[in-house]
Amino acid sequence: KVQYYDEKSLRTGDTFDKILVANRGEIACRVMKTCKKMGIQTVAVHSDVDSSAVHVKMADEAVCVGPAPTSKSYLNMDAIMEAIRSTGAQAVHPGYGFLSENKKFAKRLAAEGVTFIGPDTHAIHAMGDKIESKLIAKAAKVNTIPGFDGVVKTAEDAVTIAQSIGYPVMIKASAGGGGKGMRIAWNDEETRDGFRFSSQEAASSFGDDRLLIEKYIDNPRHIEIQVLADKHGNALWLNERECSIQRRNQKVVEEAPSTFLDPVTRKAMGEQAVQLAKAVKYSSAGTVEFLVDSSKNFYFLEMNTRLQVEHPITECITGVDLVEQMIRVAKGYQLQHKQEEIPINGWAIESRVYAEDPYKSFGLPSIGRLSQYQEPLNLRNVRVDSGIQEGSDISIYYDPMISKLVTYGATRAEALALMEDALDNYVIRGVTHNIPLLREIITHPRFISGDISTSFLPEVYPDGFKGHQLDRGRCRELLASAAALYVTSELRAHRVLGPQSSLRGNVVNILIVAYHFEVLVDEEKVEVSGDWNLASPLLPLTINNTQRMFQVKRILQIKCFKVRVLTKLGAQLNSYMPEKVPEDTTSILRSPMPGTVIAVSVKAGDTVAEGQEICVIEAMKMQNSLTAVKPAKVKSVHCKPGETVGEGDLLVELE
């Protein structure tokens, strides 16, 4: 168990009797855990499809607030307000996303005498508007990025502004966050497209399509400062989080502290973050995000006026329970700590485990039911913040995050080693997930050395993530393990294991003594032994005196490598089997993910150029433009706006 805060500090005292958590999934569960430790009753809200969700079961009471679409449930203020009245909740914790930075919701709560566990509406408005927040940051003497400080009204205005700033530029939603409504543009055409997609995503996610444009700082680090402030004018900074490993402007792996910051830069960033918090009379936990260049110049990016997704790693290295502090501040207490009392103890790393296919653009959403689910909590210093269980559904309606996997160690090397073990021991079946990518990231030499930036993924994998590439030695280990596993299953099935037996195949020769295998692969001997528990999805083996962890999805498929084990006769017969001809993907367009068709830009008979948009698919509130890979004529269109499509569904045929 990770002792990520001091449980003795969780005093009840004069606090709330009942808190409604206006969220779902892992963050709702996270808030409820602290509430329970403080002796506070909790109320869950849920959509109809979430009626059996983990956060619903964890709460003392639960209220259905509408059907699956977020606009009709988790963003349905009227239904949530009625849930507050009917349950008698005295306060609301919004988590992150949904209504967490909605000043209208905070005002409605205040009007009914219900406490919003977060900052006041002035701070939410000031920092939630990226245009106003930048002006306030400048006035507070916080370093800011050069750009246009007004609202961009049209695509052509965007082009004119981008030309005046100089390419590349970042187009982003004024009310945005979480990577939604953000596009990088390197020329006029990309600016026009970016304006359209960013405004559409912003309207869908935040109900506000206003955009701003600023200079894009190429190849920076994304480092943020955690702040905590009370209603009495006190404010602290709780060190930094390194969040540079991203895809599509969304974080994938975070760590605290950063390998890059020295004490002087850390202190300067922390002090500027506190200056900004005090400038808007901030009171609660919040995060000030910065871009940091290679010379350690740092620039204000935005302030998130809520609990951040990656807050657990700060809790690990400081010992401060941020949810508890938010509740105490909302009740009117002063901060319990002084700045000099905030430590950096050890190192923490967080991997965001998503139901995504990492082989498609580093992660396109996957849906399905978790047929098997096992968190690696048997390992020391591992924390898993999740809101799902075996049997849970991952749907198109909500964020595809499965969990936040956190490891903590005295040093970065220890935390990384623990993360590698935790990823290897994490069992997820029923949906495609990004653990193969996460493991590659944390074991990559550049990441281990700390040589990272927000361009890490496209630089390391310029042609996209292709999975782990085995060298000859590891390939022999895999073949030997697969062969040994196959033989073990066959022997157990026939109950014919004697004191000693041997088998000969087409590629390997196997000598078995009490389930200790000596496998000859390409004239190289590989020794394989283990407990061979075929009922477990985890298969720890000792290979040539080295411990390895395998995950067996089904016999003959080990971890993310598909291995076929055949008898000699089977291998001979297999050579006569015809190979399946790959589909010509240049003449058809299939949906790369489950989602909703937002727009269809062509009709039968149209001529399209290479790179021309054909249709737009939205999944988990992210819009994806699908384009033609070559000049062609549209033969037929098989989709229309508003339709729900599955992964692999035929959208358009070309000729």
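Sequence positions, counted from 1, serve as the residue numbers for this chain.
Taking the six-membered ring wherever Trp is involved, the centroid distance between the rings of Tyr216 and Tyr167 does not fall below 6.0 Å. The aromatic ring centres of Tyr426 and Tyr373 sit less than 6.0 Å apart. Annotation: Phe465 is not in aromatic contact with Phe362 [ring centroid separation under 6.0 Å not met].
Taking the side chain as every heavy atom from C-beta outward, Glu375 and Ser386 approach each other to under 4.5 Å.
A perpendicular orientation is assigned to the rings of Phe290 and Phe298, their planes being inclined by more than 60° (bins at 30° and 60°).
Ion pairing between a basic and an acidic side chain is recognised when a charged N comes within 4.0 Å of a carboxylate O; Glu156 and Arg192 show such pairing. Between Lys360 and Glu647 a salt bridge is recorded (basic side-chain N to carboxylate O distance below 4.0 Å). Using a cut-off of 4.0 Å between Lys/Arg side-chain N and Asp/Glu carboxylate O, Glu610 and Lys630 are scored as not salt-bridged. With respect to the salt-bridge test (charged N to carboxylate O, under 4.0 angstrom), the residues Arg210 and Asp129 qualify. Salt bridge absent: Arg183 and Asp193 never bring a charged side-chain N and a carboxylate O closer than 4.0 Å.
There is no side-chain donor-acceptor pair under 3.5 Å between Asp157 and Thr160.
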>> Could you go through Tyr96 and His311, starting from their C-alpha distance and side-chain angles, then the distance that decides it, and tell me whether this counts as ring pair (Phe, Tyr, Trp, His ring centres under 6.0 Å)?
In response: CA-CA 11 Å; Tyr96 57 76; His311 76 274; 8.0 Å; no

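Within a 6.0 Å sphere centred on CZ of Arg446, heavy atoms belonging to other residues, nucleotides or ligands number more than 12.
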